[in-house]
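Small disclaimer: the values here were computed from a predicted structure and weren't measured. Throughout, a chain's letter reflects where its sequence line sits, starting with A, and its residues are numbered from 1.
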Amino acid sequence: MPELPEVQTVVNGLKEDLVGDRITCITPIWEKVLSNFIPSDLFIKGRTTLIQDVTRRAKFIIIHFPSSILAIHLRMTGKLFFPVANHIPKHTTAVIKLDSRKKLIFHDTRKFGRIYLYNDLTPINERHGPEPLGKNFSVGWLHRALQQRKRNIKALLLDQSFLAGLGNIYVDESLWAAGIHPGSISNALPAARISRLHEAVQAILKAAITAKGTTIIDFSYLNGQNGRYTSQLRIFGRKGQPCITCGRDIEKIKVAGRGTYVCSRCQKKYTRGQSAPHQDRG
DNA sequence: CCATGAACCTGGTCGC
DNA sequence: TGCGACCAGGTTCATG
């Protein structure tokens, strides 16, 4: 699944091509792809589908019309691109036709991706936490929010209603950079680690956006090009390889139901509060 | 409130 | 070469 940097990359690429154009028709190839509307809903009550902007909120691609929005979620394997030579590939789940006669392809091997039609961003904002690169994501907020819960830190960082945009890759990278074991409990983290985590999340996401995201296995964005952040991954996908910092073999374990990469020497497991006199290692 | 596992889908990889 | 088991970047829902 594309995470925040991958979705941002798609948005950046689509924006110049879409703004000022107009959607004339959406054809679902896989019937479930349109989650909460049918194609004709786009045009009810004099709505126009002039594209005023293309932005990102959480992991959604948002196409803005004068009085409504389309929100596209790529989930695990979704891709949005202009086809080469007008060819509609296998696993296309929707075709979006534009006034310019271009066609935008929603391609999704696993068919988890969905397109939503809303009046505005309210339904999405209600279900999502702050943007990690926005000003509401401060160290103070993170500290308070972590203290208020007693929850596995990895599960919490993956929870979009807590913080929007992180996924499995960038959570593992961020926790490694902060020296926090993914099995830690949120309210047991010392302030110094929380500061490092805050710093790590922002630095990693910014670097990943600059690199146009990460590619593992099958993610690609516009026209099949891949992101370059793969070469900057420090922990994710490196099972059995030595930790860049300390040399210990990187382990792959299961946390919050997800495959998780960890260096058990660099990443400390906090489970019972900072002042616990002693704790066993993981 | 929190954790876990299943469900939604297809395809790739690995071991035998 | 074939086949079954398991895994995958996400999210939601039921259950304990």
Worksheet item: Quick check: does any side chain N or O of A/S184 sit under 3.5 Å from a backbone N or O of A/I180, one acting as donor and the other as acceptor?
Response: no

Discussion item. Check for me whether the distance between the ring centres of A/Y116 and A/H73 falls short of 6.0 Å.
Written reply: no

Discussion item. Taking the nucleotide of DNA chain C with the nearest heavy atom to each, does A/Q160 or A/T260 sit closer to the 5' end?
Written reply: A/T260

Discussion item. Looking at A/D172 and A/K154, is any side-chain nitrogen of the basic one under 4.0 Å from a carboxylate oxygen of the acidic one?
Written reply: yes

Using a cutoff of under 3.5 Å, can you pull out all pairs of nitrogen or oxygen atoms linking the protein to nucleotides 13-16 of chain C, with atom names and distances?
none

Discussion item. Within the 4.0 Å heavy-atom criterion, would you say A/K154 contacts the bases, only the backbone, or no part of the nucleic acid?
Written reply: nothing

Item to complete: Could you please name the option among C/dT12, C/dC7, B/dG11 that lies closest to any side-chain atom of A/K90?
Response: B/dG11

Fill in: C1'-based separation of C/dG10 from B/dC1 [nearest Å]
23 Å

Discussion item. Looking at A/S68 and A/Y118, would you say the former's side chain and the latter's main chain have a donor-acceptor pair under 3.5 Å?
Written reply: no

Item to complete: Describe the nucleic acid contact of A/G113 in one word from base, sugar-phosphate, nothing, applying a heavy-atom distance below 4.0 Å.
Response: nothing

Worksheet item: Taking only side-chain nitrogens and oxygens of A/K32, does any of them come within less than 4.0 Å of OP1 or OP2 of B/dC9?
Response: yes

Discussion item. Tell me if the centroids of the rings in A/H128 and A/F60 come within less than 6.0 Å of each other.
Written reply: yes

Item to complete: May I ask you to test the A/I235-A/R238 pair for a side-chain heavy-atom distance under 4.5 Å?
Response: no

Worksheet item: What pattern of brackets, bars and dots sums up DNA chain B from 5' to 3', given Watson-Crick or G-U wobble pairs under 3.5 Å, [ ] for crossing pairs and | for another strand?
Response: .|||||||.|||||||

Discussion item. Does A/K102 qualify as a cation-pi partner of A/F82, given the criterion of NZ or CZ under 6.0 Å from the six-membered ring centre and within 45 degrees of its axis?
Written reply: yes

Item to complete: Round to a whole Å and report the spacing from CZ of A/R114 to C1' of C/dT12.
Response: 11 Å

Fill in: Side chain of A/R258 - closest among B/dC8, B/dA3, C/dT11
C/dT11

Discussion item. Expected output is a numbered-order residue list: members of residues 196-208 of chain A with a heavy atom under 4.0 Å from any atom of DNA chain B. What is it?
Written reply: none

Worksheet item: Whole Å only: how far is the NZ atom of A/K79 from the P atom of B/dT10?
Response: 14 Å

Worksheet item: For the ring pair A/F162 and A/W141, is the centre-to-centre distance below 6.0 Å?
Response: yes

Item to complete: Would you mind reading off the distance between A/K111 atom NZ and B/dC8 atom P, rounded to a whole angstrom?
Response: 13 Å

Practice prompt. Would you mind telling me which of B/dA3, B/dG11, B/dC9 lies closest to the side-chain atoms of A/N152?
Written response: B/dA3

Discussion item. Donor-acceptor check, side chain of A/R196 to backbone of A/A177, threshold 3.5 angstrom: yes or no?
Written reply: yes

Worksheet item: What distance, rounded to whole Å, do you find between the two P atoms, one in B/dC9 and one in C/dC3?
Response: 25 Å

Discussion item. Output the rounded distance in Å from CG (A/D159) to P (C/dG10).
Written reply: 13 Å

Item to complete: Tell me which nucleotide among B/dC9, C/dT11, B/dC2 gets nearest to the side chain of A/R149.
Response: B/dC2

Item to complete: Round to the nearest Å and state the distance from A/L158 atom CG to C/dT11 atom P.
Response: 9 Å

Practice prompt. Give the rounded distance in Å between these two atoms: CG of A/L4 and P of C/dT11.
Written response: 11 Å

Discussion item. Tell me whether the ring of A/F112 lies stacked over the C/dT11 base, given a 5.5 Å limit on centroids and a 30° limit on the plane angle.
Written reply: no

Item to complete: For A/I115 and C/dT11, give me the distance from atom CD1 to atom C1', rounded to whole Å.
Response: 17 Å

Worksheet entry | Listed nucleotide nearest any side-chain atom of A/H91, set C/dT11, B/dC9, B/dG11 | B/dG11

Discussion item. Just the rounded figure in Å: distance from C1' of B/dT4 to NZ of A/K254.
Written reply: 11 Å

Worksheet entry | Residues A/K15, A/D53: salt bridge by 4.0 Å N-O rule | yes

Item to complete: State whether the distance check finds a donor on one side and an acceptor on the other, under 3.5 Å, for side chain A/R151 versus base B/dA3.
Response: no

Practice prompt. Compare all side-chain heavy atoms of A/I194 with those of A/Q147 and state whether any distance is below 4.5 angstrom.
Written response: yes

Practice prompt. Would you indicate, yes or no, if C/dG10 has its OP1 or OP2 atom less than 4.0 angstrom from a side-chain nitrogen or oxygen of A/K59?
Written response: yes

Practice prompt. Test A/D108 against every option in A/T77, A/T93, A/T92 by the side chain to side chain donor-acceptor pair (under 3.5 Å) rule and name the one that passes.
Written response: A/T77

Worksheet item: Would you call A/R56 and A/E131 a salt bridge, using N to O less than 4.0 angstrom?
Response: yes

